[in-house]
Amino acid sequence: MIDFLAELNEPQHQAVTHENGPLMIIAGAGSGKTRVLTYRIAHLMGSGVDAFNILSLTFTNKAAEEMRHRIEKIIGSEAKNLWMGTFHSVFAKILRFEGFRLGYTSNFTIYDTDDSKSLLKTIVKEFNLDDKTYKPNFILNRISGAKNNLISWQMYNENPVFQAEDISAQMPEIGRIYKTYAQRCFSANAMDFDDLLFNTNVLFRDYLDVLNKYQHKFKHVMVDEFQDTNISQYLITRKLSAVHQNICVVGDDAQSIYAFRGANIQNILNFKKDYPDLKVVKLEQNYRSTKNIVNAANSLIAKNKAQLEKKTFSDNEEGDRIEVIKAHSDNEEGKIIANTIFESKHQGLRNQDFAILYRTNAQSRAFEEALRKLNIKYRIIGGLSFYQRKEIKDLLGYLRYTVNQQDEEAFKRIINLPKRGIGDSTVAKIVVMASENQKSVWEIICNIKQYLEGRAMNSIETFTNLIKSYIIMEEEGKDAHTIAMNIAKTTGILHELYIDKTVEGVARHENVQELLNSIKQFVDNPENEDKTLGSFLQTVSLLTNADQEEDGDPDKVTMMTIHGAKGLEFKHVFVVGLEENLFPSQMMLRSREDLEEERRLFYVAITRAEKKLTLSYAEQRYNWGKLNFCEKSRFIDEIDPAYLKFDDRGSSYTPKGFDFESFGRKERPVVTAPPTRSQAIANLKPVSQAKPAPVHVPTVDFVPSDTKNLKPGDKVEHQKFGFGEVKKLDNLGPTAKAVIHFDSEGEKTLLLSFAKLRIVE
DNA sequence: GGCGTAACACTTTTT
DNA sequence: GTGTTACGCC
């Protein structure tokens with residue numbers, strides 16, 4: 001075996017060679033953590049442990065793949081058999097095999113955040129609640145928090161503490177929403193992200209034979225980024241390693257930045273209590289950054305109270321002081337940083353050596369524009385990912401529905417797409433029918449003429465026949481690419497985008513082609529044994545932001561949020577937007593008052609830098625069309641000023657060495673961006689449109705905007721039927737309904753979401 | 001009933 | 001600046 005142990009320092013060596021019994025590695029930033037984990041697995045395999053007995057949980061799928069390749073280089077192709085991946089992807093795989101015990105089929109759908117929110121929205125609407133108080137984001141966070149602490153909807157509704165909290169938040173109905181949400185997901189044969197972990201816990205709790213099987217399979221369990229695991233994840237790993245007791249966790253409490261999603265720093269702090277004979281190894285030497293950067297980071301993190309004792313240090317060169325730039329505006333901030341990058345390239349640095357890190361995705365625009373003007377190539381990680389684009393989700397919707405006809409979110413997305421004359425009211429009727437007859441939407445539309453009539457029915461039959469033809473292909477065992485190609489063609493999605501010659505239409509067509517390509521790659525990849533549509537979908541829905549495909553040119557400036565930068569390193573890092581209320585974030589401070597997590601986030605940002613670090617802030621910033629005046633972030637002042645160097649360059653600053661001549665005196669960007677939607681519209685219409693004077697229209701309180709106040713006995717006015725009285729309200733069904741007795745028309749049942757009613761005082 | 005247009009609301013971080 | 005909803009027209 002290759003002697004890779006020689007190059008390790010003492011604590012690293014201990015961590016790698018510790019074989020049996022629980023182990024905790026506290027790995028400071030830049031301490032060679034990835035190397036230790038890689039070698040540790042290689043060492044275990046070298047001493048006779050089979051690859052398929054090792055489970056290694058990472059934070060991104062990409063990290064897992066990289067590690068697998070590194071191990072492969074040391075130990076050989078046996079590394080292919082390692083179980084590696086994110087918590088979500090590994091346990092989704094296990095649930096595919098074992099989920100039938102909980103009532104799911106093997107091709108269950110994974111709801112992403114958008115699906116979850118859309119489902120919550122419909123539930124709120126059905127309950128006739130005000131969607132301004134009941135915000136899907138908030139409810140989802142609440143439900144997610146409950147699930148991550150293993151609180152089922154039953155437990156949630158039985159516990160008066162939660163109800164008291166919800167009442168004080170003006171949302172007493174959250175318990176009921178949670179219940180309905182969970183039941184809907186289940187009947188749609190779907191799990192959201194949190195369910196993947198929650199259900200794994202249920203599975204291991206209720207089916208001891210299953211637990212036993214995996215306990216014996218995984219002789220070694222390793223968890224990377226342990227500081228960012230939540231209770232649910234921790235319990236899974238604890239159960240899995242209960243037999244062999246070979247659990248190895250790696251983490252750094254100073255880099256815990258996911259408490260907002262349920263990560264629990266107590267996991268690290270309490271780990272010792274759960275494993276009394278725990279061996280702890282601390283990796284404290286930073287090999288990544290200069291002394292200046294490490295010291296500055298230490299001086300900042302010292303302000304935090306909750307942390308384990310450790311002393312990180314660097315034996316590297318002293319390095320430059322940290323530069324702090326004050327800019328007049330957000331756009332100027334972009335220009336200055338783009339210019340700095342442009343100049344630094346003469347000092348032998350390449351694009352790929354730079355990273356621009358910000359707190360929120362929305363901040364990327366000023367930097368994009370500035371970099372494009374100087375013809376500097378960049379890539380953005382995160383933000384709206386490829387798989388969140390409308391055209392992609394549309395095609396994926398068809399794929400999902402082909403695999404799982406219970407998937408109502410997919411149904412709602414594709415039923416009238418491309419337009420086939422099936423409108424909202426028809427869809428609403430189908431949903432009502434389904435719930436009244438205790439059947440799934442699919443069963444209704446397969447026999448639609450038994451239930452409803454009207455001109456949309458023929459379109460619905462065409463639709464079901466289309467889907468049926470895809471299902472047959474799936475049952476015949478055709479691979480994912482063949483089916484997806486067929487769907488893209490026969491639905492007309494591809495054609496519709498093909499004939500759309502607008503800029504966006506062309507881009508969308510390309511995107512769909514790209515998706516089809518990636519499915520082809522998935523099918524052609526010999527490492528994927530299961531080439532079915534179901535298998536592809538499960539992989540796709542668990543891709544992380546860091547898993548984005550590259551276009552082959554690696555020499556680009558990287559832009560991303562600090563959260564996305566975890567585990568990465570760059571020669572020169574810019575941390576931008578250091579303004580009070582932006583970083584630390586106003587939201588964070590208002591909702592959780594957790595300044596320490598924001599500080600750790602800043603710590604993570606600083607420690608990404610190898611040689612140089614630049615901090616910047618702007619005095620004014622445009623946010624959603626409004627100009628805001630900003631103050632310098634308190635975090636800059638928390639760094640020991642001995643490590644800082646202040647610089648305020650004006651907006652007239654132009655980069656040295658920028659050759660305007662070769663650009664024809666004009667800034668002529670070679671990297672062209674597609675015009676934005678508004679630009680495209682502006683190109684179509686002349687600007688000379690006179691705006692009509694605003695007309696004052698008296699507002700009328702028509703339902704549904706006011707349904708929350710509607711109760712039996714109310715006198716109402718209907719636009720068409722005139723005056724009447726509410727007899728009965730049925731808001732338990734999928735669509736809220738009211739039985740109203742009208743003076744002229746007699747009794748009528750109305751779908752409230754479409755009725756035009758007004759409450760008469 | 002369906003579809004196009006205009007006003008409206010929304011901006012934390014991610015699996 | 002962008003995506004969603006509501007209204008009014010066909």
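Every chain is numbered from 1, with letters handed out A, B, ... down the list of sequences. Just so we're clear, the structure is a prediction, and the values are computed from it rather than from any experiment.
- Proximity of A:S425 to the phosphate of B:dG2: a side-chain N or O atom is located under 4.0 Å from OP1 or OP2.
- Between B:dG1 and A:K429, a contact under 4.0 Å exists linking OP1 or OP2 to a side-chain N or O.
- The nearest whole Å value for the distance from the CG atom in A:D114 to the P atom in B:dT14 is 13 Å.
- Counted by atom type alone, A:N267 and A:T229 present one or more donor-acceptor pairs between their side chains at under 3.5 Å.
- One atom, CG of A:N148, and another, C1' of B:dT14, lie 12 Å apart when rounded to the nearest Å.
- In this structure, A:L589 places its CG atom 13 Å from C1' of B:dT13, rounding to the nearest Å.
- Considering only residues two or more places apart in sequence or on other chains, A:N581 meets the side chain to side chain contact (heavy atoms under 4.5 Å, CB included) condition with A:Q586.
- The distance between atom CZ of A:F583 and atom P of B:dT13, rounded to the nearest whole Å, is 13 Å.
- Applying the 4.0 Å criterion to OP1 and OP2 of B:dC3, one finds that A:N416 has a side-chain N or O inside that range.
- Aromatic stacking is not marked for A:F87 over B:dT15, as the cut-offs of 5.5 Å for the centres and 30° for the planes do not both hold.
- Looking at which nucleotide of DNA chain B each of A:I422 and A:F59 is closest to, the 5′-most match is held by A:I422.
- When the side-chain nitrogen and oxygen atoms of A:T113 are compared with OP1 and OP2 of B:dT14, none of them lie within a distance under 4.0 Å.
- Distance, A:R359 CZ to B:dT12 P: 10 Å, rounded to whole Å.
- With rounding to whole Å, A:N361 atom CG is found 15 Å from C:dT2 atom P.
- The nucleotide whose nearest atom lies closest to any side-chain atom of A:K419 is, among C:dG1, B:dC10, B:dG4, B:dG4.
- One can place CZ of A:R599 at 22 Å from P of B:dT12, the figure rounded to the nearest angstrom.
- Considering only side-chain atoms of A:K135, the nucleotide from B:dT14, B:dT13, B:dC10 that sits closest is B:dC10.
- Looking at heavy atoms from C-beta onward, A:F635 lies out of side-chain contact with A:V575 at the 4.5 angstrom threshold.
- For A:N304, the side chain to side chain donor-acceptor pair (under 3.5 Å) criterion is met by A:R599, not counting sequence neighbours.
- Residue A:S585 places its side chain closer to B:dT12 than to any other of C:dG1, B:dT12, B:dT15.
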Next item on the list: Please assess A:E409 against A:S118 for the test side chain to side chain donor-acceptor pair (under 3.5 Å), listing each intermediate value before the final yes or no.
Entry: CA-CA 8 Å; A:E409 292 306 308; A:S118 139; 2.4 Å; yes
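- Atom OH of A:Y622 is separated from atom P of C:dG1 by 11 Å (rounded to the nearest Å).
- Between A:T426 and A:F193, the residue anchored closer to the 5' end of DNA chain B is A:T426, taking for each the nucleotide with the nearest heavy atom.
- Using a 30° and 60° split on the angle between ring planes, A:Y104 and A:F108 fall in the perpendicular class, above 60°.
- Nucleic acid contact class of A:K121 (heavy atoms, under 4.0 Å, all strands): sugar-phosphate only.
- Side-chain atoms of A:R365 lie closest to C:dG1 of the nucleotides B:dT15, B:dT12, C:dG1.
- Of the candidates B:dT13, B:dT15, B:dG2, the closest approach to any side-chain atom of A:H563 belongs to B:dT13.
- Within the 4.0 angstrom heavy-atom criterion, no nucleotide atom of any strand lies near A:L601.
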